[in-house]
Amino acid sequence: MSLVVRGVLWIGLFLGVAVAPLVFAVIGFSGPGRGFATEFSAALGFVGLALMGLEFALVARFRAVAAPFGTDALVQFHREMGLVGLVFVLVHVAISAPWDLVVRPFADDTPARVRWALLSTIALLALVASSLWRKRLRLSYEAWHALHAVLAVVVIVAALLHALLVDHYLDAAWKRALWIVMSAAFLTLLVWVRIGKPLTLRRKPWTVERVTPERGRTTTLTLRADGHPGFRFAPGQYAWFAIGRSPFSLTKHPFSLSSSGQSADVVEVSIKALGDFTSTVADLDVGTRAYLDGPHGVFSPDLYEGPGFGLVAGGVGVTPVISILRAFADRGDRRPVVAFIANRSWDEVTFREELECLASRLDVQVVHTLDEPPPGWTGETGRVTADMLRRHLPPGYERWQFFVCGADPMMDAMEDALVGLGVAPARIHTERFNWV
């Protein structure tokens with residue numbers, strides 16, 4: 001089955017689950033009508049709750065689901081559907097809430113359904129706010145991750161209890177059972193991510209075999225599979241890492257794999273010191289235990305056939321690029337490649353010497369551009385621009401596949417620039433790890 005067909009089927013399933021609550025509600029319902037506004041509000045509440053539950057599925061790291069779209073697209077869709085669900089819920093609350101009771105939730109005459117609705121709404125607002133403004137709130141990634149998981153469960157459970165207690169459209173036992181089963185399925189996805197998958201990872205540990213310092217405050221970890229065959233991956237893909245901690249730890253970190261993927265039992269990951277965890281990688285001891293959930297992602301020339309490839313990397317975005325070039329070298333792949341590598345200074349160019357070596361072995365042109373060039377520099381300077389791309393790309397580049405990895409503003413600019421140069425959007429691929 002092609003990726004396009006699979007994508008259409010997944011979209012159809014998503015839409016089906018989102019509107020299923022409305023179908024459940026009207027089947028066999030014979031109660032009195034309550035006016036358009038109230039019925040519209042109820043519909044928004046049902047769909048909003050379904051969308052909140054589907055959020056678990058979008059980030060459950062199922063490779064079969066991510067394959068047709070890419071993890072970047074799923075995470076972005078997760079964000080957007082979260083906001084859509086929030087709007088649905090807030091409109092539902094604005095229309096239907098008995099405000100005289102909402103303002104005194106602990107009064108004796110306030111029904112439990114109102115309290116559960118209030119709890120679910122507050123938890124949802126806190127969940128969205130902590131995600132949108134995590135950095136402003138100075139929440140660490142680890143603290144946000146824990147808060148996000150707890151609030152998500154509160155939202156679903158409290159909203160379900162509210163719906164069951166309202167009992168207008170859920171007047172039949174089979175309807176209540178279906179809602180309970182659907183909500184349980186959503187929560188099961190969370191249990192799978194937090195317990196089921198870690199159990200499988202626990203049986204497949206990896207060991208840090210070598211810690212290698214690189215230019216640009218980057219450290220390469222070489223990991224070897226311990227008692228299992230490891231896994232194959234396509235160059236450019238990534239994995240989630242729990243290094244020096246249990247596979248059940250709440251927070252795992254996504255990093256691109258920097259080795260070529262030709263060896264299943266040994267992988268390399270190159271990590272730049274940018275935050276609390278990444279700054280400790282250089283101090284890891286050989287023999288440290290690690291757990292890898294992967295491979296993930298569709299950022300790979302193995303998945304997109306083309307007569308040539310354009311690679312654009314900013315800073316540590318060179319990690320998947322070096323994986324791709326190493327794979328081409330190992331395979332003897334002589335298709336033409338132009339790699340644009342942007343850095344602040346010449347000394348910060350990670351894998352600088354290896355890039356030069358690979359350029360001599362392959363049909364690869366490496367174009368370095370620096371913000372702070374050294375004296376006598378004759379190469380490109382500043383950001384990668386459309387004019388820079390035009391100067392170095394050969395005739396026929398419009399049929400190439402392009403892979404861009406770096407800061408979000410750079411990737412946005414490159415998408416616009418490449419489209420302006422006549423490259424079809426379907427031939428432009430990005431890797432975004434700035435998910436929160």
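Heavy atoms only: backbone and side chains are in, while hydrogens, waters and symmetry mates are out.
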(Q) Tell me whether the count of non-hydrogen atoms from other residues, nucleotides or ligands lying under 6.0 Å of CZ in Arg104 goes above 12. (A) yes
Q) Going from CG on Leu83 to CG on Leu51, what distance comes out if it is rounded to the nearest 0.5 angstrom? A) 11.5 Å
Q.
In the structure I gave you, are the side-chain heavy atoms of Thr220 and Val269 within less than 4.5 Å of one another anywhere?
A. no
Q.
What verdict does the side chain to side chain contact (heavy atoms under 4.5 Å, CB included) test give for Arg326 and Glu268, after you've listed the backbone C-alpha separation in whole Å, the side-chain angles of each residue and the deciding distance to 0.1 Å?
A. CA-CA 12 Å; Arg326 285 170 171 172; Glu268 291 184 347; 3.4 Å; yes
Q. Is it true that a side-chain atom of Ser183 and a backbone atom of Ile180 form a donor plus acceptor pair closer than 3.5 Å?
A. no
Q. Taking the side chain from Thr278 and the backbone from Leu274, do they hold a donor-acceptor pair closer than 3.5 Å?
A. yes
Q. Is it true that Phe402 and Phe309 have ring centroids separated by less than 6.0 Å?
A. no
Q.
Can you tell whether the side chains of Glu214 and Lys272 come within less than 4.0 Å, N to carboxylate O?
A. no
Q. Does Thr121 reach the main-chain N or O of Leu119 with its side chain, forming a donor-acceptor pair under 3.5 Å?
A. no
Q) Under 4.5 Å between any side-chain heavy atoms of Val17 and Leu54, yes or no? A) yes
Q: Rounded to the nearest 0.5 Å, what's the gap from OG1 on Thr369 to CZ on Arg344? Could you check?
A: 12.5 Å
Q.
Before you tell me yes or no, could you show the steps for Leu187 and Val157 under side chain to side chain contact (heavy atoms under 4.5 Å, CB included), namely the whole-Å CA-CA distance, both residues' side-chain angles and the distance that decides it to 0.1 Å?
A. CA-CA 9 Å; Leu187 295 176; Val157 173; 4.0 Å; yes
Q. If every non-hydrogen atom of Leu355 is compared with every non-hydrogen atom of Thr350, which pair is closest and at what distance?
A. CD1-O, 4.0 Å
Q: Compare all side-chain heavy atoms of Val266 with those of Leu223 and state whether any distance is below 4.5 angstrom.
A: no
Q: Indicate yes or no: at least one non-hydrogen side-chain atom of Arg202 is less than 4.5 angstrom from one of Phe248.
A: yes
Q) Should the pair Phe255 and His253 be assigned to parallel (<30°), tilted (30 to 60°) or perpendicular (>60°) ring geometry? A) parallel
Q.
Please evaluate residues Tyr238 and Phe233 with respect to the criterion ring pair (Phe, Tyr, Trp, His ring centres under 6.0 Å), reporting the C-alpha separation (whole Å), side-chain torsions for both, the decisive distance (0.1 Å), and the verdict.
A. CA-CA 8 Å; Tyr238 71 94; Phe233 65 91; over 10 Å; no
Q. Which atom names give the shortest non-hydrogen contact between Glu348 and Asn343, and what distance separates them?
A. O-OD1, 3.5 Å
Q) About how many Å separate CG of Asp265 and NE2 of His228, when rounded to the nearest 0.5 Å? A) 9.5 Å
Q: Would you check, one step at a time, whether the test ring pair (Phe, Tyr, Trp, His ring centres under 6.0 Å) holds for His429 with Tyr304?
A: CA-CA 10 Å; His429 317 284; Tyr304 301 98; 3.8 Å; yes
Q | Residues forming a side-chain hydrogen bond (donor to acceptor under 3.5 Å, both in side chains) with Arg352, sequence neighbours excluded | A | none
Q. Do Arg115 and Leu118 come within less than 4.5 Å of each other through their side chains, counting heavy atoms only?
A. no
**Q.** Pairs satisfying side chain to side chain donor-acceptor pair (under 3.5 Å), at least one member in residues 80-93, at least two apart
**A.** Ser41-His92, Gln76-Glu80
(Q) Check this for me: does any side-chain nitrogen of one of Arg399 and Glu305 sit under 4.0 Å from a carboxylate oxygen of the other? (A) no
Q) What pairs of residues pass the salt bridge (charged side-chain N to carboxylate O under 4.0 Å, His left out) test when at least one of them lies in residues 281-296, not counting sequence neighbours? A) Arg61-Asp293, Lys197-Asp293, Asp226-Arg289
Q | Side chains of Leu161 and Arg113 in contact at under 4.5 Å (non-hydrogen atoms) | A | no
Q.
Please check: side-chain N/O of Glu354 versus main-chain N/O of Phe351, any donor-acceptor pairing under 3.5 Å?
A. no
Q.
Please determine whether side chain to side chain contact (heavy atoms under 4.5 Å, CB included) holds for the pair Leu90 and Leu125, giving the CA-CA distance in whole Å, both sets of side-chain angles, and the decisive distance to 0.1 Å.
A. CA-CA 9 Å; Leu90 291 181; Leu125 287 170; 4.2 Å; yes
Q. Are the side chain of Lys252 and the backbone of Leu292 linked by a donor-acceptor contact shorter than 3.5 Å?
A. no
Q.
Which heavy atom of Arg427 sits nearest to which heavy atom of Gln401, and what is that distance?
A. CA-OE1, 3.4 Å
(Q) I need the minimum non-hydrogen distance between Val211 and Ala282, along with the two atoms involved. (A) CG1-O, 4.0 Å
Q: Check Ser258, Ser259, Ser323, Ser256 against Ser270 for a side chain to side chain donor-acceptor pair (under 3.5 Å) and give me the one that passes.
A: Ser258
Q: Determine whether the side chains of His162 and Ser120 contain a donor N or O and an acceptor N or O closer than 3.5 Å.
A: no
Q | CG-CD1 distance between Leu190 and Ile195, expressed to the nearest 0.5 angstrom | A | 8.5 Å
Q | Check: Arg245 main-chain N/O paired with Ser249 side-chain donor or acceptor under 3.5 Å | A | no
Q. CH2 of Trp179: more than 12 outside heavy atoms within 6.0 angstrom?
A. yes
Q. Rounded to the nearest 0.5 Å, what separation is found between the OH atom of Tyr291 and the CZ atom of Phe241?
A. 14.5 Å
**Q.** Side-chain touch Val286/Glu209, heavy atoms, less than 4.5 angstrom
**A.** no
Q: Give, for atom CG of Leu221 and atom CD1 of Ile271, the distance between the pair rounded to the nearest 0.5 Å.
A: 5.0 Å
Q) Any idea which heavy atoms bring Pro301 and Pro235 closest together, and the distance? A) CD-O, 3.8 Å
Q. Would you find more than 12 non-hydrogen atoms of other residues, nucleotides or ligands less than 6.0 Å from Arg383 atom CZ?
A. no
Q | Trace of the side chain to side chain contact (heavy atoms under 4.5 Å, CB included) decision for Leu15 with Val19 | A | CA-CA 6 Å; Leu15 294 175; Val19 301; 5.7 Å; no
Q) Is the closest side-chain heavy-atom distance between Met52 and Leu124 below 4.5 Å? A) yes
**Q.** Phe14 and Phe77: CA distance, side-chain angles, deciding distance, ring pair (Phe, Tyr, Trp, His ring centres under 6.0 Å) verdict
**A.** CA-CA 12 Å; Phe14 180 91; Phe77 189 64; 5.2 Å; yes
Q: State, to 0.1 Å, how close Ser130 and Trp144 come at their nearest heavy-atom pair, and which atoms those are.
A: O-CD1, 3.4 Å
